[in-house]
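Letters go in sequence order (proteins before strands), and every chain restarts at 1.
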Amino acid sequence: MTPLEALSALLLLAGAAFYLAGTVGLLRFPDVYARLHALTKADNLGLGLIALGLALQAENPAAGLKILLVWPLVLVASAAVSFAIARRAHELGILPAGAESPAPPAPPPEGEARIMPPGDRA
Amino acid sequence: MTGLEAPLALFLLVNLLAALIRAARGPTPADRMLAALLFGTTGVGVLLLMAHSREAVAMPLVDTALVLALLAAIAGVAFARRAWQAAGRDDDAA
Amino acid sequence: MHARSDRSPSGRFGLRGFLQRGALFTALWWVLAEGRADAWGIGAVSVLLATAASLALAPPGPGRLSAIGLLGFAAFFLAQSALGGIQVAARAFRPRMDLAPALVEVPITLPDGAARILLVNTLNLLPGTVSVGLRGDRLCMHVLDDRLPVAAEVRQVEARIARMLELPA
């Protein structure tokens with residue numbers, strides 16, 4: 001195995017581990033919002049690592065770039081779908097588990113931050 | 001080819017199956033919408049891996065993965081535009 | 001697509017826009033054909049059609065994109081989305097997940113349109129935040145851990161987007 005192949009194998013294994021993390025998060029996290037975190041962040045990193053690992057083995061630069069081109073497209077899809085799901089869940093009145101106080105689906109726009117922690121320690 | 005591609009594709013497929021079962025069980029409609037996300041990320045990952053495994057080199061699966069990703073992006077943006085416009089209406093009404 | 005109607009058509013319709021888009025689509029074709037030389041016949045036709053369609057559907061407007069800002073944003077985004085994946089994976093695998101989920105509202109300053117859409121969607125992929133909705137100039141987000149400095153992170157992303165799109169900060 002050449003060093004490049006070893007690096008590629010490492011990236012592929014790491015990518016698969018992040019997919020596993022996404023699935024574990026999906027199974028364990030308490031509500032739909034938290035599950036969105038698991039799927040959007042962990043799975044996308046997993047795909048990025050797998051695409052990078054496969055691109056390293058490509059026969060020429062163009063073929064490698066073609067594999068990498070898939071990643072930003074899926075990122076766009078994930079970000080957009082995740083926003084649509086979160087918004088729909090909020091509209092349906094689904095509350096995040098463990099939120100300290102209920103946030104109604106349509107708070108008045110002039111209201112102050114609802115559950116914003118004071119000062120938001122920066 | 002590291003020889004890992006086909007086993008990892010299978011591994012992702014099992015992941016996809018477990019996640020789909022979880023998503024289908026809900027309990028809320030929003031949970032079931034998670035299936036749309038799963039096909040975008042895991043489905044494309046499986047295709048990419050299969051494209052580079054020893055067993056399936058005859059098929060242009062990278063192109064399939066690319067088209068699936070493109071369709072997922074277009075569908076996702078269309079989906080989000082509706083949610084966005086609904087958000088805009090809220091502003092007007094409020 | 002949006003906010004395009006209120007822009008007056010600028011005089012940058014000509015050769016420069018054509019060459020820029022043409023170069024972009026030529027590069028894209030090179031990638032799609034995986035560098036093969038025998039496909040350039042169809043490629044030339046495709047590149048011309050794609051350039052014409054893109055100029056007709058999205059004429060070059062006064063909206064500018066800073067190349068340095070774009071590179072900076074891409075690097076920031078790559079590093080942060082990797083961090084986001086690592087963070088959420090660590091929590092998923094930990095026996096006690098230690099979540100402190102909450103809905104928070106953060107004021108945003110970016111103008112309506114592309115900049116805001118980019119902000120809302122970028123935040124979905126960055127550590128700890130998922131956008132839930134926009135209400136006027138306030139962004140409602142779900143955070144996995146409200147002990148983390150979410151508002152500061154949003155301001156940082158806003159600044160990077162403003163720099164990339166050459167908006168007044």
Tabulate below the donor-acceptor pairs under 3.5 Å that side-chain atoms of residues 44-52 of chain C make, not counting sequence neighbours, or state none.
unit_1	atom_1	unit_2	atom_2	d
C/Ser46	OG	C/Ile42	O	2.8
C/Thr51	OG1	C/Val47	O	2.6

Side-chain donor-acceptor distances from residues 86-95 of chain C under 3.5 Å, at least two apart:
unit_1	atom_1	unit_2	atom_2	d
C/Arg91	NH1	C/Asp98	O	2.7
C/Arg91	NH2	C/Asp145	OD2	3.1

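Looking at A/Leu69, the atoms closer than 4.5 Å to chain C (heavy atoms on both sides) all sit in the side chain, from C-beta outward. In this structure, chain C has a heavy atom under 4.5 Å from the side chain of A/Phe18, while its backbone stays farther away. Proximity to chain C (any heavy atom under 4.5 Å) is shown, for A/Leu49, by neither the backbone nor the side chain. Residue contact with chain C, scored on non-hydrogen atoms closer than 4.5 Å, is absent for A/Ala58. Of the two parts of A/Leu68, neither the backbone nor the side chain holds a non-hydrogen atom closer than 4.5 Å to a non-hydrogen atom of chain C. With a 4.5 angstrom heavy-atom cutoff, C/Leu78 touches chain A only via side-chain atoms.
Across C/Val106, C/Leu139, C/Leu118, a single residue satisfies side-chain contact (heavy atoms from CB on, under 4.5 Å) together with C/Leu123, and that is C/Leu139.
Between the side chain of A/Tyr33 and the backbone N or O of A/His90, at least one donor-acceptor pair lies under 3.5 Å. At least one donor-acceptor pair closer than 3.5 Å links the side chain of C/Arg21 to the backbone N or O of C/Ser54. Remark: the backbone N or O of A/Val76 is not paired with any side-chain donor or acceptor of C/Asn121 at under 3.5 angstrom. Between the side chain of A/Gln57 and the main chain of A/Glu5, no donor-acceptor pair closer than 3.5 Å is present.
Counting heavy-atom pairs closer than 4.5 Å to chain C, the top residue among A/Gly25, A/Ala34, A/Pro30, A/Gly48 is A/Ala34. Of the residues considered (C/Ser81, C/Gly128, C/Gly84, C/Pro127), C/Gly128 shows the highest number of contacts with chain A, using heavy-atom pairs under 4.5 Å. For the set A/Ala42, A/Ala21, A/Ala63, A/Ala79, the count of heavy-atom pairs under 4.5 angstrom toward chain C peaks at A/Ala79.
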